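Counting starts at 1 for both ligands and their atoms, following the listed order. Since the model is a prediction, treat every value here as computed from it, not as a measurement.
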Amino acid sequence: MGPPGSGKGTQAAFIASAFDVPAISTGDIFRHHISERTELGVKVKAIVDAGDYVPDSLTNELVADRLSQPDAAKGFLLDGYPRTLDQVRFLDELVAADGKLEAVIRLTADDEELISRLTHRAHEQGRADDTEQAIRHRQNVYNEQTAPILEVYRERGLLVEVDGIGTVDEVAARIRESLIARGIGEAGDTAAA
Ligand code: B4P
């Protein structure tokens with residue numbers, strides 16, 4: 001978890017490879033549907049471009065479907081999900097059947113650093129939701145709807161807070177150390193990720 005630009009997608013790739021689990025990014029899944037112009041993509045394009053959240057019912061269904069695929073049976077990393085209280089409740093029901101969440105990683109970074117990263121990405125990738133107006137809107141949506149759910153996971157003792165400022169490798173090393181300190185093993189270790 002973390003505000004837009006905190007490095008979720010970037011770090012998800014590292015964690016998934018180190019712990020040998022699939023990284024499941026709801027944002028990537030939506031962008032894929034949008035670029036392929038699927039029925040779902042057409043439905044969510046305007047929402048995602050504006051920086052609003054896709055309705056919980058659509059997002060939850062998509063995650064349930066993805067987690068039911070065989071590669072997620074041994075473990076998974078969710079990137080950008082859950083983002084609302086409704087999604088937290090839905091995920092609780094989904095994982096209660098065969099295990100539990102082991103950790104919730106929160107990446108922190110200040111607003112100006114985030115805007116600078118995302119405007120830089122806008123130049124490189126031209127994402128429709130990386131305009132300054134959409135970025136500020138996404139930050140507000142995050143603060144209103146997602147920041148409160150951090151408390152839920154803090155109370156459960158699952159929250160791992162990691163400083164997201166620094167090079168990509170420095171942040172990746174911090175995450176790795178924090179997870180190992182919690183007994184979550186890397187691929188090849190005896191403990192399961
Ligand atoms: P996401 O794809 O999750 O978009 P994001 O918050 O911008 O994170 P992202 O992973 O792309 O960026 P990152 O921080 O890694 O969501 C997009 C949209 O999809 C949402 O606005 C919403 O509409 C919809 N959506 C997704 N999930 C949803 C849900 N659960 N419910 C409802 N709607 C949902 O990186 C940003 C940039 O920073 C990159 O360019 C990267 O290269 C750079 N960067 C990363 N780490 C850096 C570092 N250490 N130093 C310098 N730059 C760095």
When only distance counts, is [X] in polar contact with ligand 1, meaning an N/O pair under 3.5 Å?
X: Gly9; result: yes
X: Asp79; result: no
X: Asp129; result: no
X: Leu118; result: no
X: Gly80; result: yes
X: Ser25; result: no

Q. Do Ser25 and Tyr81 get their side chains close enough for a donor-acceptor pair, meaning under 3.5 Å?
A. no
Q.
If we count only N and O atoms by modelled type, under 3.5 Å, do the side chains of His137 and Asp52 hold a donor and an acceptor together?
A. yes
Q. Of the listed options (Lys8, Gln11, Arg117), which comes nearest to atom 53 (C) of ligand 1 when hydrogens are ignored and any heavy atom counts?
A. Arg117
Q | Selection from Ala172, Gly7, Pro4, Gly166 by shortest heavy-atom distance to atom 49 (N) of ligand 1 | A | Gly166
When rounded to the nearest 0.5 angstrom, what distance separates [atom1] in [X] from [atom2] in [Y]?
X: Leu150; Y: Glu155; atom1: CG; atom2: CD; result: 11.5 Å
X: Asp130; Y: His123; atom1: CG; atom2: NE2; result: 10.5 Å
X: Tyr142; Y: Tyr53; atom1: OH; atom2: OH; result: 7.5 Å

(Q) When you measure from the heavy atoms of Arg127 to every atom of ligand 1, does any distance fall below 4.0 Å? (A) yes
**Q.** Under 4.0 Å to a heavy atom of Gln87 - the qualifying atoms of ligand 1, by number
**A.** 29 (C), 30 (N), 31 (N), 32 (C)
